[in-house]
Number of protein chains: 2
Amino acid sequence: MLSKTFAYALRAVTYVAVHSKEGKKVNLEQLSEGIDVPQPFLGKIMQDLVRQGVLKSMKGPGGGFWTDEYSLKLPAFEILKATDGYAVLTSCLMGKKNCNSSLPCPLHAEYALCRDTLFDALRNTRISDLAQKVEAKEIFLAEDN
Amino acid sequence: MLSKTFAYALRAVTYVAVHSKEGKKVNLEQLSEGIDVPQPFLGKIMQDLVRQGVLKSMKGPGGGFWTDEYSLKLPAFEILKATDGYAVLTSCLMGKKNCNSSLPCPLHAEYALCRDTLFDALRNTRISDLAQKVEAKEIFLAEDN
DNA sequence: CGAATAAAAGATAATAATATCTTTTTATAT
DNA sequence: ATATAAAAAGATATTATTATCTTTTATTCG
């Protein structure tokens, strides 16, 4: 339902948001170590996030990634769109096959509810909310953090 | 969260359960066509289901798969165990890394609730329940079914 | 202007899930 | 005993996801 890529992106954006509040840019190496994700793959993911307007970036000395006022207000749902695209919104156990509430698969009722609940949570959570939770130590971005 | 393999297995077991009520065995070719799943791969999945005691099987002329009184009473959760194993029970966006309610990842609350709700539904649904729903045309096992 | 930093991009590889193909084994019917 | 049917099992292939490596481009600083 949710890819590992999305999980990496969620942690990455949250980490960058936390550090942006200190006026700092986060470079890829620091980010990779901070959220315990392979750096080369993370670089790819960050490109998609920048391309989709979720984060800002700059090359060169003192370069890196950061969030601005605008992106802090974005719902976490934008991260899902940047990594997994729209297909997950209607994903189901039937995969690509037609499955809906009038032609449901064996687990449709529960699965669709589950999926929609999760996606609603992402729509209702701003990136700034996630950063606040990290600062309040309510959520963690890596194991030994 | 839930694999395509599990989705195939759920439909397969349900299909076999429906046809067992007619006192029939279902062979692999019929089953593959009935639920629209690639036959060779399905054969593999069925072996695990038989090995785990979810279904019965017999080789040779008139052979195939069937459910008995015992297996009809099994919760659908047994299908999940046969296909995806135990790791999914505690799966999270952090993957294999330690994540729990005292050291939660960014989406842990929603994700764990979602996962547990889905798994509870599987625990509380018997294979016979699924077969009944197919017969009542409340759920479908393939698109043009 | 050039060196160093650091993201961006392209190419390639590894792994896991899904899928296919071939052979073996088992069971029944004649 | 043999042929046929059909599951079981092993081997292999494809696809998608995750991951790594190399090169290019952009930016800053001295």
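We use all heavy atoms of the structure for the numbers below, so side chains are in, but hydrogens, waters and symmetry mates are not. In the text below, chain A, chain B and the rest are named by the order of the sequence lines, each starting its count at 1.
- Computed from coordinates, the A/F41 CZ to C/dA14 C1' distance equals 13 Å when rounded to whole Å.
- Residues passing the side chain to side chain contact (heavy atoms under 4.5 Å, CB included) test with A/K73 are A/E69, A/R126, sequence neighbours excluded.
- Evaluation of the side chain to side chain contact (heavy atoms under 4.5 Å, CB included) rule for B/V50 yields B/L55, B/S57, B/F65 as partners, not counting sequence neighbours.
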Quiz item: Passes side-chain contact (heavy atoms from CB on, under 4.5 Å), A/M1 versus A/R115? Steps please.
Solution: CA-CA 8 Å; A/M1 193 191 287; A/R115 178 196 64 205; 4.3 Å; yes
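- Note on B/P40: a base of the nucleic acid sits closer than 4.0 angstrom, heavy atoms only.
- When the shell of 6.0 Å around NZ of A/K21 is examined, it contains more than 12 heavy atoms from other residues, nucleotides or ligands.
- In this structure, A/L42 atom CG and D/dT18 atom C1' are separated by 12 Å, rounded to whole Å.
- As rounded to whole Å, 16 Å separates atom P of D/dT17 from atom CE of A/M1.
- Residue A/R11 contributes atom CZ, which lies 14 Å from atom C1' of D/dT18 at whole-angstrom precision.
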Quiz item: In B/S/- notation, 5' to 3', how is nucleotides 4-13 of chain C contacted by protein heavy atoms closer than 4.0 Å?
Solution: BBBBBBBB--
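- B/K25 has its NZ atom 11 Å from the P atom of D/dA7, to the nearest Å.
- Taken residue by residue, residues 80-90 of chain B places no heavy atom nearer than 4.0 Å to DNA chain C.
- Taking 4.0 angstrom as the limit, B/Y8 places none of its side-chain polar atoms (N or O) nearer than this to OP1 or OP2 of C/dT18.
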Distance-only check: which donor-acceptor pairs under 3.5 Å involve side-chain atoms of residues 83-94 of chain A, not counting sequence neighbours?
from: A/T83; atom 1: OG1; to: A/I79; atom 2: O; distance (Å): 3.1
from: A/T83; atom 1: OG1; to: A/L80; atom 2: O; distance (Å): 3.4
from: A/D84; atom 1: OD1; to: A/S3; atom 2: OG; distance (Å): 2.7
from: A/D84; atom 1: OD2; to: A/S3; atom 2: N; distance (Å): 3.2
from: A/D84; atom 1: OD2; to: A/S3; atom 2: OG; distance (Å): 3.1
from: A/S91; atom 1: OG; to: A/V88; atom 2: O; distance (Å): 3.0

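- Here A/E33 pairs with A/E29 under the side chain to side chain contact (heavy atoms under 4.5 Å, CB included) rule; sequence neighbours left out.
- A/L113 shares a hydrophobic cluster with no other residue; no ILVMFWY side chain has heavy atoms under 4.5 Å from its own.
- Contact between the side-chain N/O atoms of A/T5 and the OP1/OP2 oxygens of D/dT17 is not found at any separation under 4.0 Å.
- For A/D36, the salt bridge (Lys or Arg N to Asp or Glu O under 4.0 Å) partners at least two apart in sequence or on another chain are B/K97.
- Atom P of nucleotide D/dA19 and atom CD1 of A/I45 are separated by 8 Å, given to the nearest angstrom.
- Between the CG atom of B/L2 and the C1' atom of C/dA17 there is a distance of 15 Å, rounded to whole Å.
- B/M58 belongs to a hydrophobic cluster whose other members, connected by ILVMFWY side-chain contacts under 4.5 Å either directly or through intermediates, are B/W66.
- Look at CG on B/L55: it is 15 Å from C1' on D/dA8, rounded to the nearest Å.
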